[in-house]
Amino acid sequence: MQNFLRQNIFIVFAVSLVLILFDIFLDWKIIGLIGVSFILFIVGLFIGNRILRLIIFVAALFLLILSLLMIQSVWVLLLVIILFLILFRNKDGNELIHFKNALILPKKSESNYLGVKLIEPQSEQRTILDQESIFDSYREKKVEFEWDDVNIVLFGGNHILDFGNTILPQGETTIVIRKLFGRTRLIIPNDIGVKLNISTISGGVVFESQRYSLTADNFRWMSPDYGDSNRKVNVIVSVTFGDVEVIIL
């Protein structure tokens with residue numbers, strides 16, 4: 001049951017939010033309270049007196065909280081959050097509120113290993129070769145991509161992406177990795193040119209035994225022989241919350 005909830009936590013929260021929206025739009029009293037709270041908040045922005053502005057903001061917040069507490073599905077969402085806080089406890093704290101290595105993730109000691117293999121294009125004509133849900137794409141330990149079409153989308157978890165067991169084609173290969181939460185480790189062979197462009201909202205980059213903290217920032221690095229390399233890889237990583245570790249072997 002716990003593993004099922006780990007894998008479907010986004011769906012559970014999404015269903016809870018949809019129920020809340022339904023309850024809001026079906027009750028005019030709730031809509032009115034929320035509307036009044038937003039009007040008070042906007043009015044408060046134009047009030048010069050600090051004390052009066054604070055009073056208006058407190059009143060707006062009170063009405064907003066009151067309107068939310070009147071929604072039955074909000075209580076269901078609170079129960080779901082409490083349930084997840086209990087289920088995701090571990091010896092290091094709680095995975096739901098630990099952004100560095102967790103948040104909707106497996107335990108720290110468990111990482112999802114993905115051996116990435118690049119294959120030749122299957123057809124000269126660019127047609128749909130395969131259609132597969134991204135939820136099912138990375139359940140295997142090995143995933144395959146065409147040379148000119150490496151686009152990896154991950155949600156949450158600790159992942160190891162190993163590019164060391166594949167033969168890169170001549171020229172430049174671009175690898176795009178997008179992820180919401182969690183730690184990501186990239187294993188890249190050392191006999192090729194490497195260019196890194198890593199961005200995070202909150203997290204960092206671990207590279208050559210150094211950690212660089214990033215807050216809505218980019219980390220860029222390029223190997224000295226990148227321009228002269230026959231085989232080179234341009235790695236673009238976008239992570240919302242989490243660390244990215246680059247290991248060149």
Side-chain angles (χ1 to χ4, degrees), residues 100-101 105-106 108 110-130 132 134 136-201 203-214 216-249:
K100 292 299 182 184
N101 270 333
L105 313 179
K108 288 184 181 180
E110 299 175 358
S111 294
N112 297 316
Y113 175 86
L114 297 176
V116 180
K117 180 180 179 182
L118 303 184
I119 60 176
E120 294 185 16
Q122 301 298 296
S123 172
E124 294 182 359
Q125 183 178 2
R126 306 312 298 165
T127 58
I128 296 178
L129 303 178
D130 189 24
E132 184 180 24
I134 57 178
D136 300 326
S137 301
Y138 309 112
R139 290 182 179 175
E140 301 296 330
K141 296 299 182 182
K142 181 180 291 184
V143 291
E144 295 183 346
F145 296 92
E146 290 189 7
W147 287 343
D148 55 351
D149 188 24
V150 183
N151 187 7
I152 300 175
V153 179
L154 302 168
F155 283 89
N158 296 333
H159 292 90
I160 299 174
L161 300 176
D162 188 355
F163 297 91
N165 296 321
T166 188
I167 299 176
L168 292 173
Q170 293 283 341
E172 183 180 64
T173 299
T174 299
I175 299 171
V176 179
I177 302 169
R178 289 171 289 180
K179 186 174 178 179
L180 287 178
F181 305 100
R183 185 179 184 186
T184 306
R185 280 175 281 182
L186 308 177
I187 300 177
I188 301 173
N190 61 2
D191 56 348
I192 60 174
V194 178
K195 181 163 65 173
L196 302 174
N197 187 348
I198 303 171
S199 62
T200 71
I201 298 298
V205 173
V206 180
F207 182 63
E208 294 183 338
S209 301
Q210 297 284 335
R211 186 181 188 280
Y212 305 89
S213 297
L214 301 180
D217 205 352
N218 285 73
F219 173 88
R220 294 183 176 90
W221 180 86
M222 185 170 61
S223 59
D225 59 343
Y226 187 82
D228 299 327
S229 299
N230 293 327
R231 291 182 173 87
K232 44 194 172 185
V233 59
N234 179 20
V235 182
I236 302 172
V237 184
S238 298
V239 178
T240 306
F241 297 103
D243 287 352
V244 178
E245 181 179 1
V246 180
I247 304 170
I248 299 180
L249 298 176

Could you state the interatomic distance from CD1 (I247) to CG (L161), rounded to the nearest 0.5 Å?
11.0 Å
Not counting sequence neighbours, which residues clear side-chain hydrogen bond (donor to acceptor under 3.5 Å, both in side chains) with S229? List them please.
none
Using side-chain hydrogen bond (donor to acceptor under 3.5 Å, both in side chains) as the criterion, list what pairs up with Y212, not counting sequence neighbours.
none
Approximate separation, where rounding is to 0.5 Å, of H159 NE2 and R185 CZ
11.5 Å
I175 vs F163, test: side chain to side chain contact (heavy atoms under 4.5 Å, CB included). Steps then yes/no.
CA-CA 10 Å; I175 299 171; F163 297 91; 3.4 Å; yes
d(I201 CD1, T240 OG1) to nearest 0.5 Å is 6.5 Å
Evaluate side chain to side chain donor-acceptor pair (under 3.5 Å) for N197 paired with N218, printing each intermediate quantity in order.
CA-CA 7 Å; N197 187 348; N218 285 73; 3.0 Å; yes
Please determine whether side chain to side chain contact (heavy atoms under 4.5 Å, CB included) holds for the pair V246 and I198, giving the CA-CA distance in whole Å, both sets of side-chain angles, and the decisive distance to 0.1 Å.
CA-CA 10 Å; V246 180; I198 303 171; 3.9 Å; yes
Evaluate the side-chain proximity of L186 to L196: yes if any heavy-atom separation is below 4.5 Å, no if none is.
no
Taking only residues two or more places apart in sequence, or in another chain, which ones meet T184 in a side-chain hydrogen bond (donor to acceptor under 3.5 Å, both in side chains)?
K179
Rounded to the nearest 0.5 Å, how far does NZ of K195 lie from NZ of K232?
8.0 Å
Check side-chain hydrogen bond (donor to acceptor under 3.5 Å, both in side chains) between R178 and all other residues, then give those that pass, not counting sequence neighbours.
N151
Under the side chain to side chain contact (heavy atoms under 4.5 Å, CB included) test, residues paired with D217 that sit two or more places apart:
L214
May I ask you to decide if G204's main-chain N or O and D243's side chain share a donor-acceptor pair within less than 3.5 Å?
yes
Quick one: are Y226 and N234 in side-chain contact, heavy atoms under 4.5 Å?
yes
Heavy-atom side-chain proximity of T200 to F219 below 4.5 angstrom:
no
Rounded to the nearest 0.5 Å, how far apart are CD1 of I192 and CD1 of I248?
8.0 Å
Side chain to side chain contact (heavy atoms under 4.5 Å, CB included) with E208: which residues, sequence neighbours excluded?
W221
